[in-house]
Amino acid sequence: MSEQSSKRRFASRPADPESWIKAPDRPSPRANTAAEFTARLTIDVTADMRGRIKIAAFQRGQTVADMLRALFEREFPTSDGEPQ
């Protein structure tokens, strides 16, 4: 087995991107209840932006994930205007 083929890959491209996008999300192993689940979102930011985000979260006594979830809830409310 070559060195390259023995390395684990982060993710492979889906064979059919349209059906992959439309597929329901799988529940997170960290979900507290069967009804609660999360989906991972990956974005690219500059190193400077990442640093500013981490500093802001630390100063607020929050994790980056919790701070960004709150931001998304404010910026993208549900259709009835209420956060979920």
Side-chain angles (χ1 to χ4, degrees):
M1 186 181 267
S2 73
E3 181 180 331
Q4 186 174 13
S5 64
S6 66
K7 290 183 180 179
R8 295 184 68 181
R9 297 183 57 167
F10 175 72
S12 60
R13 291 180 181 225
D16 180 11
E18 284 299 316
S19 61
W20 175 74
I21 291 168
K22 294 175 183 174
D25 293 329
R26 290 181 287 175
S28 168
R30 291 190 265 167
N32 295 332
T33 67
E36 180 184 348
F37 66 91
T38 61
R40 185 165 303 272
L41 175 65
T42 303
I43 61 169
D44 294 324
V45 295
T46 64
D48 181 60
M49 173 70 69
R50 179 177 178 265
R52 293 193 322 253
I53 291 168
K54 289 179 77 170
I55 289 169
F58 178 79
Q59 289 173 336
R60 296 173 188 186
Q62 297 179 291
T63 65
V64 169
D66 287 340
M67 184 181 74
L68 292 176
R69 281 186 204 103
L71 173 96
F72 292 153
E73 287 291 340
R74 282 193 314 272
E75 292 297 317
F76 307 104
T78 60
S79 59
D80 62 3
E82 294 295 321
Q84 287 184 324

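- A continuous path of Ile, Leu, Val, Met, Phe, Trp and Tyr side chains, each step under 4.5 Å between heavy atoms, connects Phe76 with Leu68, placing both in one hydrophobic cluster.
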Return all side-chain donor-acceptor pairs below 3.5 angstrom for residues 43-52, not counting sequence neighbours, or 'none' if the list is empty.
residue: Thr46; atom: OG1; partner: Met49; partner atom: N; Å: 3.0
residue: Asp48; atom: OD2; partner: Arg52; partner atom: NH1; Å: 2.3

Name each donor-acceptor pair under 3.5 Å that joins a side chain in residues 56-65 to protein atoms two or more places apart or in another chain, with its distance.
residue: Thr63; atom: OG1; partner: Asp66; partner atom: N; Å: 3.0
residue: Thr63; atom: OG1; partner: Asp66; partner atom: OD2; Å: 3.2

